[in-house]
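One structure is given here, and the rest of the page talks about it.
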There are 2 protein chains.
Amino acid sequence: MTSSEDVRRAVGINDVAARAGVSPGTVSNVLNRPERVAEATRLRVEQVIDELDYVRNSSGRSLRSGRTDSIGLLVLDVTNPFFTKVSEGVEDEAAGAGYPVVLLNSAENPQRQRRSLRLLAEQRAAGAVIMPVDNDLSDLLWLRERGIPWVLLDRGDVSADLGCSVCVDNHEGGLAAGRHLVSLGHERITFLSGTLSLEQCRTRLNGLRTALDEAGIDPDDAVRLVETGKLNAANGEQAVEEVLGGGPKRRPQAVFCANDQLALGLLKGLGERGLHAPGDISVVGYDDVDFAALVHPGLTTVGQPKYELGRAAMRLLLSELNDPGHRHERMLFAPELVVRGSTAPYRT
Amino acid sequence: MTSSEDVRRAVGINDVAARAGVSPGTVSNVLNRPERVAEATRLRVEQVIDELDYVRNSSGRSLRSGRTDSIGLLVLDVTNPFFTKVSEGVEDEAAGAGYPVVLLNSAENPQRQRRSLRLLAEQRAAGAVIMPVDNDLSDLLWLRERGIPWVLLDRGDVSADLGCSVCVDNHEGGLAAGRHLVSLGHERITFLSGTLSLEQCRTRLNGLRTALDEAGIDPDDAVRLVETGKLNAANGEQAVEEVLGGGPKRRPQAVFCANDQLALGLLKGLGERGLHAPGDISVVGYDDVDFAALVHPGLTTVGQPKYELGRAAMRLLLSELNDPGHRHERMLFAPELVVRGSTAPYRT
DNA sequence: CGGTCTAATAAAAACGTTTTATGCGCTTCG
DNA sequence: CGAAGCGCATAAAACGTTTTTATTAGACCG
């Protein structure tokens with residue numbers, strides 16, 4: 001039976017070998033170490049590969065070699081432009097070295113992170129670039145025990161004994177934002193955070209507190225914390241209630257948001273209540289996502305070299321994969337305050 | 001030698017079998033058809049699996065079975081919120097059925113699309129959800145010949161003979177935008193397009209022209225086309241020059257953009273030249289991305305059920321994978337005009 | 001009690017590669 | 001001139017599963 005529904009049996013390395021009059025091993029060599037095979041044979045085999053439209057079966061390949069060449073990229077939120085920008089960097093760098101990247105989305109959900117890591121283990125991925133959902137690194141160590149190396153992204157607090165990491169100095173970023181607000185005369189500042197199980201949030205908050213401390217202001221008095229869940233615009237918008245809570249007297253003079261998504265959502269929520277930045281309240285974001293420049297007023301924010309972050313992470317991973325003398329490394333980038341229209345001096 | 005650098009040999013199904021005192025085949029059955037094995041044996045094997053922390057090797061698995069269970073999702077631009085929203089829908093639906101999703105990014109680049117499809121072929125993916133970069137479907141047919149089925153997303157012009165597709169009616173969307181602009185009195189409208197090799201762009205433009213036709217206005221006179229490359233904000237901003245080109249006399253009264261990214265970029269570019277929507281010019285976007293509501297003025301745009309689009313596509317793919325009586329299907333959703341502040345009546 | 005049926009497991013044969021050991025025919029050199 | 005070396009190719013043995021076929025031990029039945 002050869003109905004049109006039938007998929008004709010896939011052509012394998014053996015079919016190619018037979019047709020080209022060589023052994024399967026030679027075909028494999030043409031594919032993997034062309035320099036080991038004579039010019040003439042190589043050309044002949046390559047032609048047959050084309051004729052038969054042979055496509056390598058990566059299951060067989062990696063079963064034998066114990067390895068895949070695909071790289072996992074595990075992000076916290078695929079809808080967040082920060083992560084997609086980072087992933088562009090990772091992809092470009094990986095593509096340059098011939099590694100395919102598969103993007104996995106944990107959606108800030110530990111369960112899903114776990115499933116994704118397991119998938120990488122089952123598939124014997126070559127390595128991974130990971131932005132972890134929380135402090136619990138045990139699953140990551142588990143992965144490494146299984147021979148799958150990773151580079152951590154956006155986690156500054158992890159020892160280089162465990163693995164490489166690439167990070168932007170979050171304390172410095174929080175500090176820059178804090179200093180900016182202090183210099184504008186703000187003394188009642190709310191930190192609008194995602195879940196504090198994210199190290200980024202905690203450290204940015206600490207930076208803010210340090211800035212106040214520097215200025216002789218007691219952070220415990222000056223800083224109020226509003227903790228939402230995920231770092232998205234919906235949560236920012238929803239948090240406006242709690243941010244403004246406590247009556248006009250206790251209304252913050254400024255809000256520093258853990259990322260731009262929250263900040264943009266917050267701006268919208270404020271607008272719906274007839275409040276506007278910077279007149280009624282100053283707002284600072286974090287990440288300098290493309291959209292931060294598109295809203296009106298432009299969002300003052302702490303910029304991160306997103307694309308470069310991704311490239312650097314991938315470069316470290318490639319080093320670990322290919323360089324025998326590799327040593328784990330912590331790379332720290334500097335954030336950069338981008339002042340736009342959403343912040344202004346405090347008017348009493 | 002068992003230095004700490006050494007990865008202890010991975011435990012396989014055979015180790016589990018030995019320790020549990022059963023045959024490898026039985027372990028496989030515990031994993032894949034637990035109902036075929038006696039309760040007591042099952043429990044014993046499961047315990048050993050835990051003890052040894054056995055992780056299935058998917059290479060071996062799929063080599064034997066000829067199939068993987070992972071689903072490819074190929075998007076046009078991973079930084080575009082439209083696609084990430086769609087991908088959430090795909091992921092959620094797939095997760096519900098136990099299929100892992102790997103996200104691949106073609107970046108509107110035919111080369112990269114080709115590489116991604118090849119990767120799916122090499123890995124014998126179970127199936128794919130694809131947003132194609134252009135009209136050339138030959139690579140897709142090639143994939144299907146190899147036994148990998150797909151569902152097309154955002155392509156309304158493909159016959160159901162080839163495969164399932166899910167789409168929002170782009171002509172209807174262009175029409176809605178056009179009618180809106182016409183009703184506001186605009187008669188000189190520029191269509192700011194991505195590359196016209198994207199069917200979406202062409203069809204939306206046609207919808208716009210139909211709207212003018214309906215109103216007794218000659219589209220050839222009224223509509224000017226500005227074609228950029230990729231559908232991102234940078235291109236929108238850059239296009240402002242050409243959009244305004246031709247002097248104030250020929251300046252369009254309104255611009256209809258092929259997607260929100262272009263529109264948002266355009267708004268920014270206009271702002272930098274001291275022009276504002278809707279006072280100086282009306283602007284309409286497409287997609288109703290979250291950010292469209294966050295800019296000021298809010299962006300009038302044609303909304304698409306992004307998340308539902310993704311779910312529907314994945315549902316069709318699951319049907320094709322699991323339902324023996326599957327028939328290809330074209331699903332067409334209806335777009336919805338969302339009027340915000342970026343459009344206003346034309347003032348002579 | 002011999003026969004048939006069933007449930008549970010075992011044994012062994014794939015799946016498509018890569019890799020290792022080996023062979024063969026030449027050239028080169030001591 | 002024999003040995004060693006080299007370039008190229010082959011044969012065969014893995015890799016870790018799944019699946020098909022066979023085997024066993026009871027249970028059931030006439």
* Value in whole Å for how far the C1' atom of C:dT18 lies from CG of A:Asp69 -> 14 Å
* To do: Look at all strands and tell whether B:Asn32 reaches a base, only sugar-phosphate, or nothing, counting heavy atoms closer than 4.0 Å.
  => sugar-phosphate
* Asked: Could you walk me through whether A:Asp157 and A:Arg155 pass the salt bridge (charged side-chain N to carboxylate O under 4.0 Å, His left out) check?
  -> CA-CA 6 Å; A:Asp157 63 337; A:Arg155 273 298 285 275; 2.9 Å; yes
* To do: Take atom CZ of A:Arg114 as the centre, draw a 6.0 Å sphere, and report whether it contains more than 12 heavy atoms from other residues, nucleotides or ligands.
  => no
* **B:Leu31 CG to D:dT17 P, straight-line distance once rounded to whole Å** => 9 Å
* Distance below 4.0 Å between A:Thr26 side-chain N/O and D:dT10 OP1 or OP2 -> yes
* Asked: Between B:Asn14 (CG) and D:dT17 (C1'), how many Å, whole number?
  -> 9 Å
* To do: Can you check whether any acceptor in the base of C:dT17 is under 3.5 Å from a donor in the side chain of A:Arg64, or vice versa?
  => no
* To do: Calculate the interatomic distance between A:Gln123 atom CD and D:dG16 atom C1'; express it in whole Å.
  => 15 Å
* Asked: Do A:Thr68 and A:Ser70 have side-chain N/O donor and acceptor atoms under 3.5 Å apart?
  -> no
* Does B:Arg144 come within less than 4.0 Å of B:Glu320, counting only side-chain N to carboxylate O? -> yes
* Asked: Reckon A:Gly12 touches a base, only the sugar-phosphate, or nothing at all at heavy-atom distances under 4.0 Å?
  -> sugar-phosphate
* Expected output: side-chain A:Ser62 to main-chain B:Ser59 donor-acceptor under 3.5 Å -> no
* Rounded to whole angstrom units, what separation is found between the CG atom of A:Leu63 and the P atom of D:dC15? -> 9 Å
* Given C:dT19, D:dT18, D:dT10, the nucleotide with the shortest approach to the side chain of A:Ser65 -> C:dT19
* To do: Please state whether the phosphate of D:dT19, meaning OP1 or OP2, lies under 4.0 angstrom from any side-chain nitrogen or oxygen of B:Arg33.
  => yes
* **Rounded interatomic separation in angstrom, taking CD1 from B:Ile13 and P from D:dT17** => 5 Å
* To do: Grab the CG-P distance between B:Asn57 and C:dT17 for me, whole Å please.
  => 16 Å
* Across the strands shown, which category fits A:Arg36 at heavy-atom distances under 4.0 angstrom: base, sugar-phosphate, nothing? -> nothing
* Structure fact -> The nucleotide from C:dT9, D:dT17, D:dC15 with an atom nearest the side chain of B:Ala38 is C:dT9
* Structure fact -> The nucleotide from D:dA11, C:dG16, D:dT17 with an atom nearest the side chain of A:Ser23 is D:dA11
* Using only side-chain N and O atoms of A:Thr41, determine if any of them is under 4.0 Å from OP1 or OP2 of D:dA9. => yes
* **Rounded distance (Å) that lies between atom C1' of D:dC8 and atom CG of A:Leu43** => 15 Å
* Structure fact -> Result for 5'-nearest mapping on DNA chain D, choosing between A:Gly60 and A:Arg42, is A:Arg42
* Structure fact -> Per nearest nucleotide of DNA chain C, the residue lying toward the 5' end, A:Tyr54 or B:Asn29, is B:Asn29
